[in-house]
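Note that the structure is predicted; figures quoted are calculated from it, not measured. We number each residue from 1, following the sequence as shown.
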Amino acid sequence: MKLTIAVAFAAILFTVLPARADWNDANVDGTQEYRLIKFYPQARVSEYGMKEFDSAKMLIAYKQGEENPAAFDEVEGKTIHYTYEHKPTASTLEIQRNYETVLKAKGFEPIINGRVNRFPGLDTGMGAEDWISYWRWEEPGKGMIWIELQVYYYNGGREQPQSKLDIVETKGFQQTLEGNAAAAIETKAPALAVALQKAGHVAMYGITFDFNKATLRPEA
């Protein structure tokens, strides 16, 4: 009787708990292929994110042998993030070499590229035998593109290779929020009062009226 109850409980539990996604499952909803790098074959995007303007911490220089060799900076622009789950028969070396080949063919230059244990001072939290690389490329007429790539085995195992790809396309911030005109006038009011007291008059610009009328236009 106890065995029957235990089996029934386990069956209910497995129907309630979501199954872990596998490398041949569909990509997470909303995933879009990056314009410069195709989706990795025989792999699944388990995490995806894109922001038109955000920032990401990127390695911009690494000076081997110095006490603090790594120089990081917050790079602003369009950010794209992918986490891939790869087929179990793929090695992290194979995945790393595939990315290297594509990035070099596109013109990217590595800031660092190799096993984590080759680069002390990065504080990545990754295993010593995992792969880490940072890349940059000045796209003609557009600006610098920065990439961070991590390739590793999930949870320290040897059967679940994963990779993370973070991309920043640098661009200037575009203001979209506008201030309230009334607030701007209130801010200027004290200065206008002082000018009136001193000179008895003050010049005002941007105040428009309907044609041949004393009616203020809405933008005024």
Side-chain angles (χ1 to χ4, degrees), residues 27-40 43-86 92-93 95-156 160-177:
N27 291 336
V28 67
D29 290 345
T31 303
Q32 296 181 20
E33 188 174 72
Y34 183 50
R35 61 187 181 89
L36 296 177
I37 306 172
K38 290 185 176 295
F39 285 134
Y40 198 103
R44 170 186 182 270
V45 179
S46 59
E47 294 179 9
Y48 171 78
M50 188 277 290
K51 299 289 185 183
E52 285 295 340
F53 188 84
D54 205 345
S55 69
K57 185 179 179 181
M58 287 286 168
L59 183 74
I60 60 173
Y62 188 86
K63 297 180 180 179
Q64 193 80 40
E66 293 194 1
E67 184 177 355
N68 297 305
F72 288 92
D73 197 8
E74 285 287 328
V75 181
E76 296 182 349
K78 182 177 181 178
T79 62
I80 307 103
H81 168 77
Y82 298 90
T83 296
Y84 277 98
E85 296 176 348
H86 298 266
T92 54
L93 175 60
I95 297 166
Q96 175 72 18
R97 291 288 183 259
N98 269 300
Y99 278 118
E100 280 182 20
T101 303
V102 170
L103 291 172
K104 287 180 178 178
K106 292 291 183 182
F108 282 86
E109 296 180 356
I111 301 169
I112 61 169
N113 181 35
R115 301 275 190 186
V116 171
N117 57 13
R118 289 181 52 197
F119 307 106
L122 286 182
D123 191 25
T124 62
M126 301 171 66
E129 294 300 310
D130 295 333
W131 295 88
I132 184 76
S133 58
Y134 286 86
W135 303 78
R136 64 185 173 196
W137 174 50
E138 183 77 30
E139 186 174 15
K142 292 189 176 181
M144 189 72 75
I145 299 178
W146 301 82
I147 288 180
E148 177 188 1
L149 171 65
Q150 298 180 6
V151 185
Y152 54 93
Y153 288 109
Y154 177 75
N155 203 27
Q160 298 176 354
Q162 296 190 345
S163 64
K164 287 185 179 180
L165 190 66
D166 284 285
I167 305 163
V168 181
E169 297 183 344
T170 56
K171 65 178 182 179
F173 175 66
Q174 296 181 343
Q175 180 74 24
T176 55
L177 178 65

Please round to the nearest 0.5 Å and tell me the distance separating atom [atom1] of [X] and atom [atom2] of [Y].
{"X": "Gln162", "Y": "Glu85", "atom1": "CD", "atom2": "CD", "result": "5.0 Å"}
{"X": "Ile132", "Y": "Lys164", "atom1": "CD1", "atom2": "NZ", "result": "10.5 Å"}
{"X": "Thr170", "Y": "Ile145", "atom1": "OG1", "atom2": "CD1", "result": "7.5 Å"}
{"X": "Leu36", "Y": "Ile147", "atom1": "CG", "atom2": "CD1", "result": "7.5 Å"}
{"X": "Leu122", "Y": "Asn117", "atom1": "CG", "atom2": "CG", "result": "11.0 Å"}
{"X": "Thr79", "Y": "Asp166", "atom1": "OG1", "atom2": "CG", "result": "8.5 Å"}

### Message
Just checking Lys57: does its NZ atom have more than 12 heavy atoms from other residues, nucleotides or ligands closer to it than 6.0 angstrom?
### Response
no

### Message
Can you confirm whether Glu138 is buried at CD, in the sense that more than 12 heavy atoms of other residues, nucleotides or ligands lie under 6.0 Å from that atom?
### Response
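Yes, enclosed.
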
Could you report the tightest heavy-atom contact between [X] and [Y], atom names first, then the distance?
{"X": "Arg115", "Y": "Ala128", "result": "CB-O, 4.0 Å"}
{"X": "Glu33", "Y": "Ile37", "result": "CG-O, 3.7 Å"}
{"X": "Tyr152", "Y": "Thr83", "result": "OH-CG2, 4.4 Å"}
{"X": "Gly30", "Y": "Tyr48", "result": "O-CE2, 3.3 Å"}
{"X": "Leu59", "Y": "Ala70", "result": "CD1-CB, 3.7 Å"}
{"X": "Val28", "Y": "Thr31", "result": "O-OG1, 2.6 Å"}

### Residues Asn113 and Gln96: side-chain donor-acceptor under 3.5 angstrom
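Yes, because at least one side-chain N or O of Asn113 sits under 3.5 Å from a partner of the opposite role on Gln96.
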
#### Entry: Student check: side-chain heavy atoms of Pro69 and Gln64 closer than 4.5 Å
no

### Query
Do Met144 and Val168 have side-chain heavy atoms sitting under 4.5 Å apart?
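A side-chain contact under 4.5 Å is absent here.
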
### Qualifying residue, where the test is side-chain hydrogen bond (donor to acceptor under 3.5 Å, both in side chains) with Ser163 and the options are Trp131, Tyr99, Tyr82
Tyr99

### Query
Is the shortest distance from a Lys or Arg side-chain nitrogen in Lys171 or Glu52 to a carboxylate oxygen in the other one below 4.0 Å?
yes

#### Entry: Carboxylate-amine/guanidinium proximity below 4.0 Å for Lys78 and Glu139
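A salt bridge is absent here (no side-chain N lies under 4.0 Å from a carboxylate O).
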
### Task
Just do the side chain to side chain contact (heavy atoms under 4.5 Å, CB included) check on Glu169 and Lys142 with the steps written out, would you?
CA-CA 9 Å; Glu169 297 183 344; Lys142 292 189 176 181; over 6 Å; no

#### Entry: Derivation and outcome, side chain to side chain contact (heavy atoms under 4.5 Å, CB included), residues Ile111 and Arg136
CA-CA 7 Å; Ile111 301 169; Arg136 64 185 173 196; 4.1 Å; yes

### Query
Looking only at atom types and distance, does a side-chain atom of Asn27 sit under 3.5 Å from a main-chain N or O of Val45, one as donor and one as acceptor?
yes

### Query
Of Trp137, Trp135, Trp146, which meets ring pair (Phe, Tyr, Trp, His ring centres under 6.0 Å) against Phe108?
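The option that passes is Trp137.
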
